[in-house]
Protein chains: 2
Amino acid sequence: MSDVARHAGVSRTTVSFVLNDKPGAAIPDETRRRILEAIDELGYRPNAGARALAANRSGWFGLITEIVTGPFAAEVITGAQSRAWGDRRFLLIAASEGDPAQEAAALDQMLEHRVEGLLYATTWHRAVTLPKVAREVPTVLVNCYDAEGELPCILPDEESGGHRATRRLLDAGHTRIGLINLDPAIPAAIGRREGYERALREAGITPDPSLVLPGWATADGAYTAACELLDRPAADRPTALFCGNDRMAMGAYDAIKERGLRIPHDVAVVGFDNQELIAAYLRPKLTTLALPFEAMGTKGVDMLAALAAGQPLDTHRVTIDCPLLERSSV
Amino acid sequence: MSDVARHAGVSRTTVSFVLNDKPGAAIPDETRRRILEAIDELGYRPNAGARALAANRSGWFGLITEIVTGPFAAEVITGAQSRAWGDRRFLLIAASEGDPAQEAAALDQMLEHRVEGLLYATTWHRAVTLPKVAREVPTVLVNCYDAEGELPCILPDEESGGHRATRRLLDAGHTRIGLINLDPAIPAAIGRREGYERALREAGITPDPSLVLPGWATADGAYTAACELLDRPAADRPTALFCGNDRMAMGAYDAIKERGLRIPHDVAVVGFDNQELIAAYLRPKLTTLALPFEAMGTKGVDMLAALAAGQPLDTHRVTIDCPLLERSSV
DNA sequence: ACAAGGAAGTAACGCGCGTTATTAAAGCGC
DNA sequence: GCGCTTTAATAACGCGCGTTACTTCCTTGT
């Protein structure tokens with residue numbers, strides 16, 4: 001920077017002023033031009049670390065995920081990344097791999113790097129408890145919530161997702177709709193079932209509990225559940241299946257095809273999660289709901305930016321819609 | 001740090017010495033203990049940015065990928081991450097999204113952050129040309145190579161992968177093995193075919209070109225190719241299919257099942273890429289080869305660390321084996 | 001007794017930059 | 001010509017730390 005100043009025949013301070021567009025500093029166009037020219041000629045590049053030190057503003061946000069591998073974390077990263085870079089902020093990413101020791105180490109490093117905020121994302125919607133050092137810095141939870149309800153969090157709107165899926169099947173003329181659910185105790189299963197039942201009631205149909213079976217989040221479990229539903233007498237048999245996730249839809253597909261039934265003519269299927277590799281390559285392609293991971297990532301950075309700037313949050317608990325992706329299974 | 005020094009009754013220099021285990025500095029245990037105690041009591045945490053500035057060693061490596069989403073990039077990140085954190089180095093990750101402007105912007109930021117090395121990873125094995133600013137810093141290519149052959153690169157060993165897959169099928173007793181290949185012009189397709197033919201020749205079988213069909217990297221293309229192979233007269237019909245990737249194996253599965261043939265009893269299948277969501281959930285589960293993305297990521301960081309330390313590289317072009325994952329389709 | 005040498009610790013500079021207070025020059029009204 | 005304001009630019013300090021050169025005190029050997 002001193003070289004640039006010398007080259008342009010000004011002081012280092014002046015260079016700093018044009019570099020930062022310092023408001024209140026009166027720099028004639030001619031001087032500014034000379035400086036920019038010198039920067040260009042010398043190939044000068046400001047040192048981000050030194051700027052951070054001097055300005056007491058690191059520009060870093062931390063992002064802790066359970067696993068980096070896996071489509072979900074990657075989407076959160078993508079969303080957070082794009083939003084952060086656009087704002088000239090940067091993401092220090094770490095994976096805890098579910099190991100508290102690694103998580104603590106990651107947290108330590110982040111604090112040493114003086115992150116201005118922390119994003120904590122989980123693979124599936126659930127409750128978490130953070131180490132208390134995390135309180136030293138603004139923190140936002142993504143796809144999870146803390147039991148005490150103290151930290152702001154961003155969650156998928158499971159209920160409206162369940163409603164939207166069911167509604168889609170109702171619109172296609174189905175009235176007996178089976179729900180092959182996840183583990184019934186987890187928030188996703190609870191919310192989606194609520195949405196499912198609300199959609200039915202709104203259509204004047206009383207939800208039939210015998211049409212709701214757990215599929216235990218596996219293709220095999222869903223296959224078993226689907227077999228049970230499809231082997232009922234014609235009058236009791238559902239003409240559509242809403243599956244808790246896409247892997248389960250895969251199992252359901254097998255059960256349906258095995259019986260010589262066609263998708264979607266005989267049985268329609270809606271999945272959940274939009275795992276591209278499954279949903280887009282099943283035959284026929286699977287209509288499913290997407291978990292809004294990318295949107296959750298960008299929203300997380302937004303909230304962090306607000307918190308880091310000392311602004312209050314309008315909402316402590318944000319839910320984001322799960323959009324329906326139409327393919328060919330309905 | 002000054003607070004810690006005052007609290008422990010020593011100078012800041014001494015604190016720095018114990019913090020960095022400065023060799024040659026004689027610190028009595030008693031003094032060291034007092035200092036560590038003060039650190040603990042005051043909750044002192046060194047400022048990573050300031051250390052980097054003073055030591056003139058940022059500790060950052062840059063990682064540029066085409067897409068963050070998608071299983072491949074995520075694995076590279078995982079591998080690089082774990083290796084880097086273990087070495088107290090950190091990864092500044094950016095996605096180019098295939099956009100040269102974004103790529104240039106990312107590169108700029110990385111250089112401003114004074115990365116000590118750059119990892120450039122692509123989604124599929126191919127040639128690339130980097131912007132020349134990338135030459136300002138040690139660079140290693142991952143899953144790609146530069147046409148000039150100047151930059152060190154890490155590539156999957158496609159040939160040995162093709163050999164291993166074919167060998168597995170030969171060992172299971174198959175002698176007529178169909179190859180439903182990727183776009184025949186890309187390095188992956190060429191290498192794998194070479195390995196396939198070498199394995200056949202080693203088993204005393206002359207490769208039959210009519211058994212090699214392009215599947216164009218899609219499930220539909222592979223379905224078509226598989227149909228063509230399976231509809232041949234029994235004597236010409238392959239009893240095993242080696243598919244260019246797992247999505248194509250999916251298409252092959254459909255063709256096989258449609259004909260009432262069983263996997264693996266009537267037709268065995270081997271895929272490539274190990275896309276967990278497909279391979280592990282197809283029924284039966286798919287035996288496939290894994291692209292060693294994670295290993296490539298860790299190796300990349302290793303090479304970068306060596307380069308950043310000024311050590312020469314033993315090999316300019318590293319290939320890494322593609323391990324076989326046995327499941328139930330052979 | 002004294003020199004030599006090691007142990008323990010420190011003052012002071014510099015890393016690359018942002019920022020504040022201050023100065024010097026230029027413009028303006030009378 | 002003199003005061004006053006605006007414009008243009010700078011010297012100097014501090015951010016939090018690593019490091020070098022230097023000082024002081026204590027042993028040890030003869």
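A, B, ... follow the sequence lines: proteins, then strands. Residue 1 opens every chain. Below, all heavy atoms of this structure are taken into account, side chains as well, without hydrogens, waters or symmetry copies. Since the structure is predicted, the reported quantities are computational estimates derived from the model, not experimental observations.
- With a 6.0 Å radius and a threshold of 12 heavy atoms from other residues, nucleotides or ligands, A:Arg317 has its CZ atom at or below the threshold.
- Put simply, CZ on B:Arg12 is 10 Å from C1' on C:dA12, counting in whole angstrom units.
- Heavy-atom distances to DNA chain D give each of A:Ile27 and B:Thr13 a nearest nucleotide, and the one nearer the 5′ end belongs to A:Ile27.
- In this structure, B:Glu30 atom CD and C:dA8 atom P are separated by 12 Å, rounded to whole Å.
- Relative ring orientation between A:Phe90 and A:Trp85 is described as perpendicular, the plane-to-plane angle rising above 60° on a 0-90° scale split at 30° and 60°.
- Nucleotides of DNA chain D lying under 4.0 Å from heavy atoms of chain B occupy a range whose first and last members, 5' to 3', are D:dG16 to D:dT20.
- Checking B:Leu53 against B:Phe17, the closest nucleotide of DNA chain C that is more toward the 5' end is the one next to B:Phe17.
- Comparing A:Met1 and B:Pro28 along DNA chain C, the residue whose closest nucleotide (by nearest heavy atom) sits nearer the 5' end is B:Pro28.
- Counting heavy atoms from C-beta on, the side chains of A:Asn143 and A:Tyr145 never come closer than 4.5 Å.
- Interatomic distance, CE of A:Met1 versus CD1 of A:Ile39, reported as 8.0 Å (0.5 Å rounding).
- The closest side-chain donor-acceptor pair between B:Ser11 and B:Thr14 falls under 3.5 angstrom.
- Atom-to-atom distance recorded for B:Tyr120:OH and B:Thr139:OG1 is 11.0 Å, nearest 0.5 angstrom.
- Across all strands shown, B:Ser2 has no heavy atoms under 4.0 Å from either base or sugar-phosphate atoms.
- The residue A:Asn56 sits apart from the nucleic acid: no heavy atom pair falls under 4.0 Å.
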